[in-house]
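Before any comments, here is the structure.
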Amino acid sequence: MNAKQHTYVQLSNAANVIGILLLMVWIGWKAYLLIQLPVISLGAIAGVWLFYVQHQFEHVVWKRKEEWDYKTIALEGSSFFKLPKLLQWFTSNIGFHHNHHLSPKIPNYKLPVCHRENPLFREIKPITL
């Protein structure tokens, strides 16, 4: 991260803190926590569940060090979680988890395109809700 990016991160952090403090002054810290804690809790529960589902499914492949192969583990050790379009958007396309494991630098908005355009992914069986 260069100095300019670092400055923008610091300014964003400061703006968030100021916004939170103003909101707490406006509605009170108790009301703020009564709103934020359930939202954070539900988000954390959903995130942990999603992470679990993506790595623990019926035909997941687990290998020891001596048998471990990057491509195999990326494709068979994580899931293609086929979600409805709205949930796919809310989860930033992380249902295409096998793509993400194979190449983590692919931006989330390109994961569906990579899945559709790459013949390698056509053999991956999806899991669903």
Side-chain angles (χ1 to χ4, degrees):
M1 186 180 315
N2 63 36
K4 189 175 182 179
Q5 290 171 325
H6 184 72
T7 300
Y8 284 129
V9 168
Q10 295 302 325
L11 288 172
S12 294
N13 289 342
N16 284 331
V17 168
I18 289 168
I20 289 168
L21 290 174
L22 287 173
L23 194 55
M24 288 173 108
V25 167
W26 183 39
I27 66 171
W29 66 271
K30 288 180 184 177
Y32 178 81
L33 289 179
L34 285 172
I35 294 167
Q36 291 297 316
L37 290 178
V39 171
I40 290 169
S41 298
L42 289 173
I45 289 166
V48 168
W49 175 81
L50 189 58
F51 183 85
Y52 180 81
V53 166
Q54 301 248 292
H55 297 96
Q56 305 287 329
F57 53 98
E58 191 173 350
H59 300 292
V60 69
V61 172
W62 292 84
K63 300 282 183 181
R64 298 262 181 217
K65 288 181 185 178
E66 56 276 354
E67 300 171 332
W68 197 87
D69 170 55
Y70 182 81
K71 181 181 162 190
T72 302
I73 295 304
L75 294 175
E76 298 175 26
S78 59
S79 68
F80 168 32
F81 192 14
K82 192 170 186 173
L83 295 168
K85 290 288 182 192
L86 185 62
L87 285 177
Q88 188 176 319
W89 182 81
F90 272 112
T91 60
S92 299
N93 294 317
I94 202 60
F96 297 92
H97 212 61
H98 56 298
N99 294 28
H100 167 71
H101 273 248
L102 194 57
S103 185
K105 290 186 178 185
I106 298 173
N108 65 321
Y109 56 89
K110 292 283 190 181
L111 290 171
V113 175
C114 291
H115 180 80
R116 276 192 311 270
E117 293 181 355
N118 195 322
L120 176 67
F121 300 130
R122 291 196 185 112
E123 297 174 19
I124 303 295
K125 301 254 187 291
I127 59 173
T128 61
L129 290 173

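Aromatic ring centres of F121 and H98: separated by under 6.0 Å.
The CG atom of L42 sits 11.0 Å away from the CG atom of L37 when rounded to the nearest 0.5 Å. With values rounded to the nearest 0.5 angstrom, R122 atom CZ is found 9.5 Å from E117 atom CD. Once rounded to the nearest 0.5 Å, the distance linking OH of Y32 with CG of L22 reads 11.5 Å. Separating the OG1 atom in T91 from the NE2 atom in H97 is a distance of 11.0 Å, to the nearest 0.5 Å. Remark: I106 CD1 to F96 CZ distance equals 11.5 Å, nearest 0.5 Å. Summarising the geometry, atom CD1 belonging to I35 is positioned 11.5 Å from atom CD1 belonging to I40; distances are rounded to the nearest 0.5 Å.
Hydrophobic clustering, with ILVMFWY side chains joined whenever heavy atoms are under 4.5 angstrom apart, keeps I94 apart from Y52. Residues I27 and L33 share a hydrophobic cluster, clusters being chains of Ile/Leu/Val/Met/Phe/Trp/Tyr side chains in contact below 4.5 Å. There is no path of hydrophobic side-chain contacts, each under 4.5 Å, that joins L11 to V17. No path of Ile, Leu, Val, Met, Phe, Trp and Tyr side chains, each step under 4.5 Å between heavy atoms, connects L21 with V25, placing them in separate hydrophobic clusters. Connection of L87 to W89 is not established within any shared hydrophobic cluster, with ILVMFWY side chains joined at heavy-atom distances below 4.5 Å, either directly or through further cluster members.
Residues N118 and N99 are not in side-chain contact: their nearest non-hydrogen atoms beyond the backbone lie 4.5 Å or more apart.
Side chain of N108 to backbone of N93: no donor-acceptor contact under 3.5 angstrom is found. In terms of modelled atom types and a separation under 3.5 Å, the side chain of Q54 and the main chain of F51 share no donor-acceptor contact.
Annotation for E58: atom CD does not count as buried by contact number, only 12 or fewer foreign heavy atoms lying within 6.0 Å. More than 12 non-hydrogen atoms from other residues, nucleotides or ligands lie less than 6.0 angstrom from CD of Q10.
Across all their heavy atoms, P84 and L129 have their closest contact at CD-CD1, 4.1 Å.
Aromatic ring pairs are classed by plane angle as parallel below 30°, tilted from 30° to 60° and perpendicular above 60°; the pair H115 and F80 is tilted.
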side-chain contact (heavy atoms from CB on, under 4.5 Å) assessment of F90 paired with L83: CA-CA 10 Å; F90 272 112; L83 295 168; over 6 Å; no

